[in-house]
2 protein chains.
Amino acid sequence: MNGMTAAPSPFSPADRPQLGLRERKKIKTREAIRTATYALVKEQGYDATTIEQIAERAEVSPSTVFRYFPTKEDIVLTDEFDPLIMEELRARPADEPWMDTLRYVMQKAVSLGMKEDEEVSRLRTHLMVQVPAVRSRMMESMSVTGTMLCEAIAERTGRDQDSLEVRVYAMSIIGALMETSLYWAENGHRDDFKVLLDRTLDVLEHGLSE
Amino acid sequence: MNGMTAAPSPFSPADRPQLGLRERKKIKTREAIRTATYALVKEQGYDATTIEQIAERAEVSPSTVFRYFPTKEDIVLTDEFDPLIMEELRARPADEPWMDTLRYVMQKAVSLGMKEDEEVSRLRTHLMVQVPAVRSRMMESMSVTGTMLCEAIAERTGRDQDSLEVRVYAMSIIGALMETSLYWAENGHRDDFKVLLDRTLDVLEHGLSE
DNA sequence: CCATCTTTTGACAGCTACTCTCATTTCATG
DNA sequence: CATGAAATGAGAGTAGCTGTCAAAAGATGG
């Protein structure tokens with residue numbers, strides 16, 4: 001009816017024939033819901049898009065939409081980079097200066113996120129700026145990333161991952177990255193995100209004292 | 001019926017007889033709604049407390065509740081410290097080291113917030129930990145504080161307040177403060193918040209380098 | 001003190017995100 | 001193909017939130 005199910009993706013179900021039909025269908029449904037949502041949001045805006053519409057276009061029932069995503073914001077936002085980032089962090093040599101590690105891993109995470117679908121990245125950050133609910137949800141998920149960062153930092157520095165110091169340090173990084181995304185989106189995605197990221201890490205490293 | 005309207009507050013309407021009856025009633029209603037909410041939340045928890053219950057106890061209609069607070073979370077969270085903080089920031093001598101200024105102002109803001117009502121501070125931070133919606137809303141309001149911080153930093157350093165560097169720096173501070181509150185609440189408010197604040201500012205100043 | 005104008009309020013209807021339950025369908029397995 | 005498990009859809013229900021409109025309460029001028 002709408003060709004949505006043929007939407008290409010780096011992880012299309014066809015790539016994993018080892019999975020049962022059930023699993024493959026689930027992945028397909030998930031993708032259909034997300035694709036439908038992106039399309040509708042681009043057409044009408046986030047608030048004007050209802051779950052019912054999404055369900056209709058994705059050719060599932062509204063119940064199913066909620067079975068796949070806990071909230072409407074999650075449909076737009078959910079990604080699964082955290083484990084990947086964690087893996088990269090661990091893969092870096094232990095004697096590498098921490099800031100270099102951070103720089104490297106963040107750059108890599110960004111290029112990964114962009115590759116998946118540049119346009120989606122833009123839509124996401126755009127929504128972050130425009131829709132308070134989405135921004136909030138984004139911050140939520142960032143704080144999850146934060147606890148993960150704590151873990152990595154603790155491993156590297158031998159500190160307690162639950163110590164105030166580690167947690168504060170991690171969250172200041174998260175806050176900084178968050179703001180960088182907002183800045184990028186607010187300025188119409190004109191800048192090269194990687195350059196912004198570099199500047200951000202400079203501030204984190206040396207403070208504002210240029 | 002419940003003595004709510006007699007709730008003491010540093011800014012009770014009786015203190016400002018210069019205001020018309022209309023204005024005084026508005027302030028009273030606002031306080032009644034908030035007090036009713038705090039009480040109900042303490043009794044039943046946040047989620048179990050409905051707007052209808054709040055309205056009933058505050059002796060207003062549900063419509064009125066929404067006229068005073070845009071969302072349920074706002075009833076619990078809204079405070080008006082930002083302008084005060086801003087004022088304090090400006091009042092510090094321009095040649096004082098920035099970190100000293102920050103330290104002083106934050107300490108002052110905290111003691112101000114505590115004085116108003118220590119128990120409310122605890123309930124608030126407790127809800128921040130327990131209720132995702134409240135935490136999100138809190139982060140939202142923190143980002144407002146963030147743009148205010150940008151202004152102050154820009155004034156002090158002569159930089160552009162919309163520059164990436166200033167915004168990133170401000171948000172890293174906000175993130176850090178946020179996490180400090182969470183830490184405090186998660187650990188059952190056992191620590192002295194001022195001490196935590198000092199440790200946080202140390203991390204911001206010197207990084208994690210012990 | 002009364003009449004008039006304005007602000008505030010309450011009642012009500014309506015929308016939508018989200019939850020829960022249960023019967024039906026769809027896939028997996030021996 | 002039969003049996004069991006998982007996924008789905010339908011429907012009812014809750015609650016946050018919006019908007020409208022008429023009634024009530026405070027402000028104002030004569």
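Just the heavy atoms: all of them, side chains too, but no hydrogens, waters or symmetry mates, feed the values below. Each chain gets a letter, A, B and so on, in the order its sequence line appears, and its residues count up from 1.
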So, does B:K72 get its side chain near the phosphate of D:dA15, meaning an N or O under 4.0 Å from OP1 or OP2?
no
Let me know the distance between [atom1] of [X] and [atom2] of [N], rounded to the nearest Å.
X: B:K28; N: C:dT9; atom1: NZ; atom2: P; answer: 13 Å
X: A:I75; N: C:dT16; atom1: CD1; atom2: P; answer: 15 Å
X: B:D74; N: D:dG16; atom1: CG; atom2: C1'; answer: 13 Å
X: A:E73; N: C:dT16; atom1: CD; atom2: C1'; answer: 13 Å
X: B:K26; N: D:dG26; atom1: NZ; atom2: P; answer: 14 Å

Report the C-alpha separation of A:S181 and A:T125 in whole Å, then their side-chain angles, then the decisive distance to 0.1 Å, and conclude whether the side-chain hydrogen bond (donor to acceptor under 3.5 Å, both in side chains) test is met.
CA-CA 7 Å; A:S181 304; A:T125 48; over 6 Å; no
Polar atom pairs between nucleotides 28-30 of chain D and protein, under 3.5 Å, N or O only, would you list them?
none

Could you give me the CA-CA distance, side-chain angles and deciding distance for B:T101 and B:R156, then say whether side-chain hydrogen bond (donor to acceptor under 3.5 Å, both in side chains) is met?
CA-CA 10 Å; B:T101 301; B:R156 269 298 263 282; 2.9 Å; yes
Whether [Y] and [X] form a salt bridge (side-chain N of Lys/Arg under 4.0 Å from carboxylate O of Asp/Glu) is what I want to check.
X: A:K28; Y: A:E23; result: no
X: A:K26; Y: A:E31; result: no
X: B:R90; Y: B:E155; result: yes

Which residues satisfy the salt bridge (Lys or Arg N to Asp or Glu O under 4.0 Å) test with [X], sequence neighbours excluded?
X: A:E73; answer: none
X: B:R122; answer: B:E118
X: B:K194; answer: none
X: B:D198; answer: B:R103

Got a sec? Which of residues 127-141 of chain B come in under 4.0 Å of DNA chain D, heavy atoms?
none
Which residues, if any, of residues 44-52 of chain B bring a heavy atom under 4.0 Å of DNA chain D?
B:T49, B:T50, B:I51
Which residue pairs pass the salt bridge (Lys or Arg N to Asp or Glu O under 4.0 Å) test when at least one of the two sits in residues 125-138 of chain B, sequence neighbours left out?
A:E140-B:R135, B:D74-B:R137
For residues 172-189 of chain A, the salt bridge (Lys or Arg N to Asp or Glu O under 4.0 Å) pairs (sequence neighbours left out) are A:E179-B:R167, A:E186-B:R167
Strand contacts (DNA chain C) in residues 61-70 of chain B, 4.0 angstrom heavy-atom criterion
B:S61, B:S63, B:T64, B:R67, B:Y68
Is there a donor-acceptor pair closer than 3.5 Å between any side-chain N or O of B:S163 and the backbone N or O of B:V166?
yes
Residue list, ring pair (Phe, Tyr, Trp, His ring centres under 6.0 Å) with B:Y68, at least two apart or on another chain:
none
Quick one: sort the A:Y169 and A:W98 rings into parallel, tilted or perpendicular, breaks at 30° and 60°.
tilted
Has A:K72 got its NZ or CZ under 6.0 Å from the middle of the six-membered ring of A:F66, at an angle within 45 degrees of the ring axis?
no
Would you say the side chain of A:T180 lies within less than 4.5 Å of the side chain of A:R199, judging by non-hydrogen atoms?
no
One character per nucleotide, please: for nucleotides 24-30 of chain C, 5' to 3', B when the base has a protein heavy atom closer than 4.0 Å, S when only the sugar-phosphate does, - otherwise.
--BBS--
